[in-house]
Amino acid sequence: METAFRRGEKITHSMLRTVAYLFLLATPVLISACAPADSPPVKTRPLAVRVTPVRTGQVKETLRYVGTVHSHNEISVLSRIPGKLSALLISEGEVAEDGQILARIAAPETDARVSRLHADVSRVREESTFLCRQADIDANLLASSAVSQVQADSSRQKCVSARAALNATQAGLRELEVMAGNSIERAPFAGKVLKWLAEPGENVMPGRPLLLFGDGPLEIRARVHEKDIAAGIVKGTAAILQPDHAPPIRAAVDVVSPLTTGPGRMVEVRISIDESDAIRFRHGMSVDVAFVLNEQSDSLTVPAEALAISKGESGVYRVRDDKTQWVAVKSTMREGRLVAVEGSLEPGDWVVVGNLEAVSNGLAVWPVPVEGAAQ
């Protein structure tokens, strides 16, 4: 019986192993049979992207500088003689006519010298008159042999010398009177006193600036680097003037200086301001100037943030039917953040802006227009 029991035990273990093996084989089939027959596939959520429409408009290629407002003719009125500035007759900001007195300089020493020379002229004139009359008398006496030839010639020579001395003294007087006349400074042309550079009562020497004077027409002077001049700034180049808190003004370059100056190698460029716009400017104020090197009208434009590089070519991702399409474009000009492009885009096409690293061709997206990007 013990042998029969052990034989039965062996049979029982073998059967158990077989049943366990068959159960493992059947488990996947049972699991798949229990799963729902119509389970939907998992969907990928679209990528939210910001988009903006392709627009058309004018694009300008510009070089920006800051200029200063000046008069066309702007000069410093200088003292021509030493003395004391007795009066400035026109206040700052007031207008003076051509030839009107601007300043007076008191020069007592010059006045005294003029008075002394007047006295010298009178004295020399009397001496000349006496000596020449004496020469005439001696000439008559010589005719009657009352005096010698030597005496008559001597009298005549004294008369000639006296007349020469009179001419010299009169010339000196005229010279000093001209110098005395320099004590009055007059307006060289009709214009405005821009600034007093000296104060009444101040002692001045020749060459001392007294005041700054300018005429009516205004211009903007900007110092431009020589390389930007070579880029195409010439007489007639369009310039956009932007006064503070005012609409821009379109003008043109009037003068490009032939001289490059300073360690920065700068060139002075002058832009005339139309008389109708002059009221918006003041002497010395700064003005933003944009020199227009090139401009295009009705160009397709996209933001600079929309441009990407793929496989060595420039392009944008256009969105149609909530999917992206790669469109190759060529940028031709840039103004600020707007770029003029050429390619198979149409006005109103939506293009992706920003986060372009996460975008690829054919990607399902959820377009979100940027603020203010309505078609």
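Computed from a prediction, not measured in an experiment: that's the story for all the values here.
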Practice item. Evaluate the side-chain proximity of L194 to F213: yes if any heavy-atom separation is below 4.5 Å, no if none is. Key: no

Revision key, fill the gap. CG of L131 to OG of S161, rounded to nearest 0.5 Å, is 9.0 Å

Study note, to complete from the structure: The reported gap from CE in M266 to OG1 in T261 (rounded to nearest 0.5 angstrom) is 8.5 Å

Practice item. Compute whether any side-chain donor of one residue and acceptor of the other, for H72 and E219, lie under 3.5 angstrom apart. Key: yes

Practice item. Take W366 and L47, measure what side chain to side chain contact (heavy atoms under 4.5 Å, CB included) needs, and give me the verdict at the end. Key: CA-CA 6 Å; W366 179 26; L47 177 67; over 6 Å; no

**Study point:** R104 side chain to A106 backbone, donor-acceptor under 3.5 Å
**Key:** no

Check your understanding: Do D274 and R250 meet the salt-bridge criterion of a basic N to acidic O distance under 4.0 Å?
Key -> no

Point to revise | Residues R133, E126: salt bridge by 4.0 Å N-O rule | key: no

Check your understanding: Do any N or O atoms from the side chain of S128 and from the backbone of V124 form a donor-acceptor pair under 3.5 angstrom?
Key -> no

Review point. Short question: side chain of W196, backbone of I90 - any donor-acceptor pair under 3.5 Å?
Key: yes

Review point. Linking I/L/V/M/F/W/Y whenever their side-chain heavy atoms sit closer than 4.5 Å, directly or via other members, would V365 and Y317 fall into one cluster?
Key: yes

**Study point:** F189 atom CZ, over 12 foreign heavy atoms within 6.0 Å
**Key:** yes

Check your understanding: So, do E295 and V59 sit near enough that their side-chain heavy atoms are less than 4.5 Å apart?
Key -> no

**Study point:** Gap between atom CD1 of I101 and atom CZ of R186 - 0.5 Å precision
**Key:** 4.0 Å

Practice item. For residues L197 and S76, determine if any side-chain heavy atom of one lies less than 4.5 Å from a side-chain heavy atom of the other. Key: yes

Practice item. May I ask you to decide if V234's main-chain N or O and T237's side chain share a donor-acceptor pair within less than 3.5 Å? Key: yes

Check your understanding: Hey, any chance V49 and W350 share a hydrophobic cluster, counting ILVMFWY side chains that come within less than 4.5 Å of each other, even indirectly?
Key -> yes

Check your understanding: With no hydrogens and no angle check, do the side chains of D153 and Q149 hold a donor and an acceptor under 3.5 Å apart?
Key -> yes

Exercise for review: For residues A96 and A187, report the shortest heavy-atom separation together with the two atoms involved.
Suggested key: CB-CB, 4.3 Å

**Study point:** Where R280 and M285 come nearest, the two heavy atoms and their spacing
**Key:** O-SD, 4.0 Å

Check your understanding: Is S299 reaching over with its side chain to a backbone N or O of T301, donor-acceptor style, under 3.5 angstrom?
Key -> no

**Study point:** Carboxylate-amine/guanidinium contact E94 K192, below 4.0 Å
**Key:** no

Review point. Between R208 and E202, does at least one N-O distance fall below 4.0 Å, as a salt bridge requires?
Key: yes

Exercise for review: Is it possible for you to say whether V359 and V51 belong to one hydrophobic cluster, with membership spreading through side-chain heavy-atom contacts below 4.5 Å?
Suggested key: yes

Practice item. Can you establish whether the number of heavy atoms outside I309 located under 6.0 Å from its atom CD1 is more than 12? Key: yes

Revision key, fill the gap. Closest non-hydrogen atoms of R64 and A290, given as atom of the first, atom of the second and distance, are NH1-CB, 3.8 Å

Check your understanding: Roughly how far apart are I105 CD1 and N203 CG, rounded to 0.5 Å?
Key -> 10.5 Å

Exercise for review: Decide yes or no for S122 and H118: does some side-chain heavy atom of the first lie under 4.5 Å from some side-chain heavy atom of the second?
Suggested key: no

Review point. Any side-chain heavy-atom pair from L102 and L89 closer than 4.5 angstrom?
Key: no

**Study point:** Salt-bridge contact E335-K60 (side-chain N to carboxylate O under 4.0 Å)
**Key:** yes

Review point. When you measure from the side chain of R223 to the backbone N and O of Y65, does any donor-acceptor pair fall under 3.5 Å?
Key: no

Exercise for review: State whether the side chain of T324 and the backbone N or O of S360 hold a donor-acceptor pair below 3.5 Å, judged by distance alone.
Suggested key: yes

**Study point:** Ion pair R270/E268, N-O distance below 4.0 Å
**Key:** yes

Point to revise | ILVMFWY cluster, V352 and V316 together (side-chain gap under 4.5 Å) | key: no

Point to revise | No-hydrogen, no-angle side-chain donor-acceptor test under 3.5 Å, R318 and Q325 | key: yes

Exercise for review: In sequence, state the C-alpha distance, the side-chain angles, and the governing distance for V287 and V69, and then conclude on side chain to side chain contact (heavy atoms under 4.5 Å, CB included).
Suggested key: CA-CA 7 Å; V287 180; V69 178; 3.8 Å; yes

Practice item. Work out which heavy atom in S286 is nearest to a heavy atom in V66; give both atom names and the distance. Key: CB-CG1, 3.9 Å

Practice item. Would you please test S257 and V255 for side chain to side chain contact (heavy atoms under 4.5 Å, CB included) and show each step? Key: CA-CA 6 Å; S257 173; V255 175; 5.6 Å; no

Practice item. With rounding to the nearest 0.5 Å, note down the distance linking CZ in R334 to OG in S331. Key: 9.0 Å

Exercise for review: State, with a plain yes or no, whether a side-chain heavy atom of S183 is found less than 4.5 Å away from one of I81.
Suggested key: yes

Point to revise | Donor-acceptor contact below 3.5 Å, side chain Q242 vs main chain A246 | key: yes

Exercise for review: Quick one: do R265 and E226 satisfy salt bridge (charged side-chain N to carboxylate O under 4.0 Å, His left out)? Show the steps, please.
Suggested key: CA-CA 6 Å; R265 297 296 183 264; E226 60 181 356; 5.2 Å; no

Exercise for review: Taking atom types as modelled, find out whether S71 and N73 have a side-chain donor-acceptor pair closer than 3.5 angstrom.
Suggested key: no

**Study point:** Backbone N/O of A165 and side chain of T169: donor-acceptor pair under 3.5 Å
**Key:** yes

Check your understanding: Are L88 and L78 grouped together when hydrophobic residues (ILVMFWY) are joined by side-chain heavy atoms under 4.5 angstrom apart?
Key -> no

Point to revise | Heavy-atom pair with the smallest gap, counting every atom of W326 and N361 | key: N-OD1, 2.9 Å

Review point. Hey, does the side chain of Q100 reach the backbone of E97 with a donor-acceptor pair shorter than 3.5 angstrom?
Key: yes

Check your understanding: Taking the side chain as C-beta and beyond, is there a heavy-atom pair between L293 and T62 under 4.5 Å?
Key -> no

Exercise for review: Check the pair D138, R156 against salt bridge (charged side-chain N to carboxylate O under 4.0 Å, His left out), reporting the backbone distance first and the verdict last.
Suggested key: CA-CA 8 Å; D138 288 346; R156 177 56 55 189; over 6 Å; no

Practice item. Find the distance between CZ (R125) and CG (N167) and round it off to the nearest 0.5 Å. Key: 10.0 Å

Exercise for review: Decide yes or no for I240 and V289: does some side-chain heavy atom of the first lie under 4.5 Å from some side-chain heavy atom of the second?
Suggested key: no

Review point. Between V353 and P303, which heavy-atom pair has the shortest distance, and what is it?
Key: CG1-CG, 4.1 Å

Practice item. Apply side chain to side chain contact (heavy atoms under 4.5 Å, CB included) to V224 and F291, showing your working. Key: CA-CA 10 Å; V224 180; F291 296 100; 3.8 Å; yes

**Study point:** Salt-bridge present (E185, R80; N to O < 4.0 Å)
**Key:** yes

